[in-house]
J.: 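My questions will all concern the structure given below.
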Amino acid sequence: MGENLFRIPVGQWAETVLDWVVDNLAGLFDVIKAFFQNFYDGLAFILTEPPFWAVIIVLAALAWLVKSWKLGLGTVIGLLLIYGMNQWENSMNTLALVLVASIIAVVISVPLGILTAKSRIVSAVVKPILDFLQTMPAFVYLIPALLLLGIGPVPGIVATIVFAMAPGTRFTELGIRSVDTEVVEAGQAFGASPARILRQIQVPLALPTIMAGINQIIMLSLSMVVIAGMVGAGALGGEVYQSLTTLNTPLGVESGLSVVILAIFLDRITASLGHTNMPAKNA
């Protein structure tokens, strides 16, 4: 094959920008790394230090309260299976990682979704960025994350946030835009301010859709645990990655099954919260 007629050095431009960021904003990223690391360590401590049966009771009670006793019983069985496969600590560290990434992604994406719903200009700017974030291979995020944040759970968390926040923004925008305009106009007729209409009318009515977006954030975050394992975060991602590199089938099955159990638990919890907040229908 012949050479290209011209060469656009996009990669070199990106490297130049990244080098400038590393040289000039290292202190800022040290603060960010410390925040994420402490947040993760705190949640991991809460989940791993108590006896496993106490954590199981709390999570099962949450499942029962949110959904039903069947989900509570299923939670007990699933978590006991994780403990029996000797993946308890790895699973709780994974849960901590997912919760940190999901919380930060929700804090960013939901307000951003509200803003895009309120402004077509912001929506026109944000949507291409979200398309870029969703289609760019997640492994590419790890290059700047590793350079800026080093080895450990933090670069995995950051890559997870970037990868997972798009559906939260999209679902929030969809939910706010889908609210019946007549309901909004009725609030305006009664003299409600835009902030009050948003807080008391639009967000409550859009909550099921917003919760669906949060559900997707959590599911995408959990799907990124392998990425976190590749950059030294350990937990189930590290186990999955180790099983892949060593062709260890038992380890791969046990760690993969643990991820599935956590995914089912988190999916049912968030889906139930969305249904719980749905407006009641008139008989």
Side-chain angles (χ1 to χ4, degrees), residues 32-33 35-48 55 58-59 62-63 65-67 71 75 78-79 82 90-114 130 133-134 138 141-142 145 149 152-175 203 206-231 233-238 240 258-277:
I32 294 174
K33 180 179 180 179
F35 170 76
F36 281 141
Q37 187 69 54
N38 290 331
F39 194 179
Y40 169 76
D41 289 342
L43 277 178
F45 178 84
I46 292 172
L47 292 169
T48 57
V55 177
V58 171
L59 295 180
L62 175 63
L65 180 65
V66 169
K67 181 70 180 290
L71 181 58
T75 299
L79 294 179
I82 288 176
N90 287 327
S91 296
M92 293 302 101
N93 286 331
T94 296
L95 183 58
L97 188 150
V98 170
L99 289 176
V100 170
S102 299
I103 290 170
I104 301 299
V106 168
V107 168
I108 296 172
S109 63
V110 171
L112 184 60
I114 293 173
L130 296 179
L133 295 179
Q134 280 192 295
Y141 301 143
L142 292 179
L149 301 168
V154 176
I157 291 172
V158 171
T160 300
I161 293 170
V162 172
F163 182 73
M165 62 179 287
T169 302
R170 295 186 190 277
F171 275 78
T172 301
E173 179 183 7
L174 175 63
V203 170
L207 198 55
T209 305
I210 295 173
M211 287 303 302
I214 293 175
N215 175 274
Q216 289 301 301
I217 287 175
I218 294 174
M219 292 299 99
L220 288 175
S221 297
L222 193 52
S223 72
M224 290 285 286
V225 294
V226 177
I227 299 294
M230 292 181 62
V231 294
L236 291 176
V240 172
S258 299
V259 172
V260 171
I261 292 170
L262 289 180
I264 293 173
F265 170 76
L266 292 171
D267 176 66
R268 297 298 186 270
I269 291 291
T270 52
S272 299
L273 288 174
H275 293 149
T276 301
N277 287 286

J.: Of the non-hydrogen atoms in Phe36 and Ile161, which two are nearest, and what is the gap between them?
T.: CZ-CD1, 3.9 Å
J.: Only counting residues at least two apart or in another chain, list the ones meeting side-chain hydrogen bond (donor to acceptor under 3.5 Å, both in side chains) with Asn93.
T.: none
J.: How long is the straight-line distance from CE of Met92 back to CD1 of Ile46, given to the nearest 0.5 Å?
T.: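 Here the interatomic distance stands at 13.0 Å.
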J.: Evaluate side-chain contact (heavy atoms from CB on, under 4.5 Å) for Asn90 paired with Ser258, printing each intermediate quantity in order.
T.: CA-CA 9 Å; Asn90 287 327; Ser258 299; over 6 Å; no
J.: Taking all non-hydrogen atoms of both residues, which atom of Val98 and which atom of Leu222 are closest, and how far apart?
T.: CG2-CD1, 3.5 Å
J.: Within the 4.5 Å heavy-atom criterion, are Val259 and Thr94 side-chain neighbours or not?
T.: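 No; the side chains remain at least 4.5 Å from each other.
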J.: Does Ser221 have any side-chain hydrogen bond (donor to acceptor under 3.5 Å, both in side chains) partners at least two apart in sequence or in another chain, and if so, which?
T.: Ser102
J.: For residues Leu220 and Pro167, report the shortest heavy-atom separation together with the two atoms involved.
T.: CD1-CG, 3.5 Å
J.: For Leu65, what residues pass the side-chain contact (heavy atoms from CB on, under 4.5 Å) criterion, not counting sequence neighbours?
T.: none
J.: What heavy-atom pair brings Ala101 and Thr160 nearest, and what distance separates the two atoms?
T.: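 Heavy-atom minimum between the residues: CB-CG2, 3.6 Å.
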J.: Check step by step if side-chain contact (heavy atoms from CB on, under 4.5 Å) holds for Leu71 and Ile269.
T.: CA-CA 9 Å; Leu71 181 58; Ile269 291 291; 4.2 Å; yes
J.: Please round to the nearest 0.5 Å and tell me the distance separating atom NZ of Lys67 and atom CG of Leu62.
T.: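 The distance works out to 13.0 Å.
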J.: Compare every heavy atom of Met219 with every heavy atom of Asp267, then report the nearest pair and how far apart it is.
T.: N-CE, 3.6 Å
J.: Provide the closest heavy-atom pair for Leu43 versus Val100 in the form atom of the first, atom of the second, distance.
T.: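 Where Leu43 meets Val100 most closely, the heavy atoms are CD1-CG2, 3.5 Å.
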J.: Using the side-chain contact (heavy atoms from CB on, under 4.5 Å) rule, take Leu207 and Met211 through it: C-alpha gap first, then chi angles, then the decisive distance, then the call.
T.: CA-CA 6 Å; Leu207 198 55; Met211 287 303 302; 4.3 Å; yes
J.: Listed by chain and number, what are the side-chain hydrogen bond (donor to acceptor under 3.5 Å, both in side chains) partners of Gln216, not counting sequence neighbours?
T.: none
J.: Nearest 0.5 angstrom please: Thr75 OG1 to Leu262 CG, how far?
T.: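 So the gap between those two atoms works out to 10.5 Å.
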J.: Assess the residue pair Leu95 and Leu266 against the criterion (side-chain contact (heavy atoms from CB on, under 4.5 Å)); give the C-alpha distance rounded to whole Å, side-chain angles, the decisive distance to 0.1 Å, and a yes or no.
T.: CA-CA 9 Å; Leu95 183 58; Leu266 292 171; 3.9 Å; yes
J.: Considering residues at least two apart in sequence or located in another chain, which fulfil the side-chain contact (heavy atoms from CB on, under 4.5 Å) criterion with Phe45?
T.: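 Partners of Phe45 under the side-chain contact (heavy atoms from CB on, under 4.5 Å) test: Glu49.
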J.: How many angstroms lie between CZ in Phe39 and CD1 in Ile104, if you round to the nearest 0.5 Å?
T.: 5.5 Å
J.: Using 0.5 Å steps for rounding, measure from the CD1 atom of Ile157 to the CG atom of Leu99.
T.: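 Between atom CD1 of Ile157 and atom CG of Leu99 there are 10.5 Å.
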J.: Using 0.5 Å steps for rounding, measure from the OG1 atom of Thr270 to the CD1 atom of Ile214.
T.: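 Thr270 atom OG1 to Ile214 atom CD1 measures 8.5 Å (nearest 0.5 Å).
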J.: Holding to side-chain hydrogen bond (donor to acceptor under 3.5 Å, both in side chains), I want the full list of residues that pass it with Arg268, two or more places apart in sequence or in another chain.
T.: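 With neighbours one apart ignored, the set is empty.
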